[in-house]
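Bear in mind that the values here come from a model prediction, so they are computed numbers and not experimental data. Numbered from 1 within each chain, the chains take letters A, B, ... in sequence-line order.
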Amino acid sequence: MKVKQISVFLENKSGRLAQVTKILGDNRINIRALAIADTADYGILRLIVNDPAKAVAVLRAEGLTVRETEVIAVEVPDQPGGLAAVLQELDAKGINIEYMYAFVGKTAANAIVIFRVEETDRAVALLENSRVKLLPESELYHY
Amino acid sequence: MWSPEYEGMAAERRRELQFKRLKATVERVYNRVAFYRKKMEQAGITPADLRSLDDLKYLPFTTKEDLRLNYPFGLFAAELDEVVRIHASSGTTGKMTVVGYTKNDLGVWSEVMARSITSAGGGRHDRIQIAYGYGLFTGGLGAHYGAELVGAMVVPTSGGNTKRQLQVMRDFGVTILACTPSYALYMAETAREEGLDLHALPLRVGIFGAEPWSEQMRQRIEAELGIKAYDIYGLSEIIGPGVAIECAEQNGLHIMEDHFLPEVIDPATGRPLADGEKGELVFTTLTKEAFPLIRYRTRDLSILYAEACACGRTTKRMHRILGRTDDMLIIRGVNVFPSQIESVLLENGDATPHYQLVVDRKGNLDDLEVRVEVSEEMFASEIRKLEALEANIKRKIESALGINVRVKLVEPKSIPRSEGKAVRVVDRRNLYNG
């Protein structure tokens with residue numbers, strides 16, 4: 001139940017983000033979630049889209065450095081303590097988080113949290129039969 | 001003059017001396033160095049064919065590539081037991097350019113450096129602070145032995161630790177400073193910050209070299225340090241500092257012609273050019289034993305002048321360096337070739353490294369930024385990994401070059417390419433103007 005995130009390398013220059021999102025829009029790719037990590041010189045744009053393979057292809061065609069990154073998507077009850085419970089579970093199983101970001105889906109009853117963890121396959125195996133609900137690709141991309 | 005007999009020698013007598021020494025040098029390398037013998041045989045020439053100084057032009061050139069191919073001691077023309085010193089400078093790729101000296105060679109070097117210090121107005125009453133690096137680099141030790149021969153008080157501070165340099169300069173009553181011109185300006189700036197008035201010190205002369213500088217920069221240095229600034233030229237292949245230096249006229253650098261025979265050639269065709277014409281400087285050493293060089297192409301652009309100089313020296317003068325025929329950069333006195341950085345990136349697993357060197361002068365110090373395009377193989381979605389990649393590239397480049405650099409990861413295709421070829425170097429220092 002790994003899912004795919006698109007990671008894009010961007011220099012800190014004005015208009016870069018607008019350019020990337022326009023490429024995606026022109027190719028009818030819908031952005032489901034996004035997060036940016038940045039340093040003084042560059043940033044990494046992390047995207048969940050409805051069609052990762054196509055997104056990679058069109059961004060690469062425009063000369064961007066882009067990569068598919070394996071992440072896991074967790075459905076979290078949109079209520080106080082929802083995320084804390086999930087994080088406790090991950091910690092208890094010894095799963096180290098590289099980074100994470102969250103978004104709220106269309107139903108608004110639950111939030112989706114994207115985790116990049118150190119060992120994705122191991123994390124998926126550990127979480128498969130736990131209280132943590134992993135979202136499959138089919139659901140995530142159209143959530 | 002330190003050696004009036006040689007520095008003020010009548011031109012015709014000097015040519016006789018040069019020819020005698022040239023013949024001896026050519027015989028030496030022909031008999032002792034397989035590389036030279038082979039090259040001369042290929043050119044169909046033997047030492048006996050040299051009948052006058054004008055026949056120099058029939059001898060084959062020697063290039064930096066030849067030095068690389070004969071790394072480390074292949075071009076030495078003395079028994080290694082006779083070699084008492086080694087120096088080295090950056091090569092175009094991983095290998096350094098290695099040079100050796102016999103006792104006599106060190107004597108010649110001290111002699112030409114003593115002449116240089118004298119030409120800059122220095123003498124035994126002076127206190128010379130040598131802030132060139134000591135080590136494999138020829139700057140520090142070269143200036144050091146010359147200054148000792150002159151009988152000056154040598155203050156061998158080597159490079160770095162600017163505040164201590166200034167303290168030494170003030171407390172020891174230094175009168176002559178020897179370092180790179182950019183470091184001189186950096187010292188002036190640090191002195192200002194420290195509230196030290198350099199004009200109030202006994203410092204009166206600067207002997208600056210190991211990197212190109214402009215006339216405007218000289219004026220700035222002279223004003224800021226309250227000294228007279230002299231341009232000294234040298235390269236480790238020929239001997240190190242002391243190949244040529246300005247006199248009080250500051251109108252070209254007098255070449256130590258009885259030891260180093262200069263030519264200027266058209267870099268494209270190799271054809272010798274007349275005095276007054278701009279081209280690539282070529283030197284033949286006339287007295288060296290361990291590492292003689294025949295028609296060594298320096299890649300430095302200059303002009304030779306044969307007119308008499310008011311100082312009384314009769315030697316030819318060379319114009320301050322006007323540029324390079326290759327892409328070598330001199331950063332804080334250290335030779336840097338873009339190809340060295342390319343090698344590092346290739347070693348790092350970057351299959352098609354796209355990079356650019358941006359050189360600037362920040363606060364009077366050279367600053368080298370290495371921009372590296374991030375390929376998909378290098379890229380990761382974690383900042384931590386990209387920072388580690390950056391740090392790794394930085395460490396490897398610094399270890400290959402021996403100087404600090406800043407590494408900046410940039411997007412692919414962001415480094416401008418002209419006709420498909422990347423522009424490897426952007427030098428904003430404006431070194432050769434004026």
Which bit of [X] comes within less than 4.5 Å of chain B, counting heavy atoms only: side chain, backbone, both or neither?
{"X": "Phe9(A)", "answer": "both"}
{"X": "Asp38(A)", "answer": "backbone"}
{"X": "Thr69(A)", "answer": "side chain"}
{"X": "Leu10(A)", "answer": "both"}
{"X": "Glu98(A)", "answer": "side chain"}
{"X": "Arg46(A)", "answer": "side chain"}

Would you say the side-chain atoms of Glu118(A) pair up with the backbone N or O of Asn96(A), donor to acceptor, closer than 3.5 Å? no
Could you check whether [X] pairs with [Y] (Lys NZ or Arg NE/NH1/NH2 to Asp/Glu carboxylate O, under 4.0 Å)?
{"X": "Glu398(B)", "Y": "Arg395(B)", "result": "no"}
{"X": "Arg320(B)", "Y": "Glu215(B)", "result": "yes"}
{"X": "Asp427(B)", "Y": "Arg429(B)", "result": "yes"}
{"X": "Lys396(B)", "Y": "Glu347(B)", "result": "no"}
{"X": "Glu369(B)", "Y": "Arg406(B)", "result": "yes"}
{"X": "Glu75(A)", "Y": "Lys133(A)", "result": "yes"}

Residues 49-59 of chain A vs chain B, non-hydrogen distance cutoff under 4.5 Å, contacting residues -> none
Locate the shortest heavy-atom distance separating Phe115(A) from Leu87(A); write the atom from each residue and the value. CE2-CD2, 3.6 Å
Identify the two heavy atoms, one from Gly333(B) and one from Phe137(B), that lie closest to each other, and give their separation to 0.1 Å. O-CE1, 3.9 Å
Determine which residues belonging to residues 385-392 of chain B lie within contact range of chain A, meaning some heavy atom pair is under 4.5 Å apart, and list them by number or answer 'none'. Lys385(B), Leu386(B), Glu387(B), Glu390(B)
Find the one option among Val8(A), Ile44(A), Asp41(A) whose heavy-atom pairs under 4.5 Å with chain B are most numerous. Ile44(A)
Does [atom1] belonging to [X] count more than 12 external heavy atoms closer than 6.0 Å?
{"X": "Asn129(A)", "atom1": "CG", "result": "no"}
{"X": "Lys22(A)", "atom1": "NZ", "result": "no"}
{"X": "Lys163(B)", "atom1": "NZ", "result": "no"}

Go through the steps to decide whether Arg361(B) and Asp367(B) satisfy the test salt bridge (Lys or Arg N to Asp or Glu O under 4.0 Å), and finish with yes or no. CA-CA 6 Å; Arg361(B) 197 154 266 169; Asp367(B) 174 87; over 6 Å; no
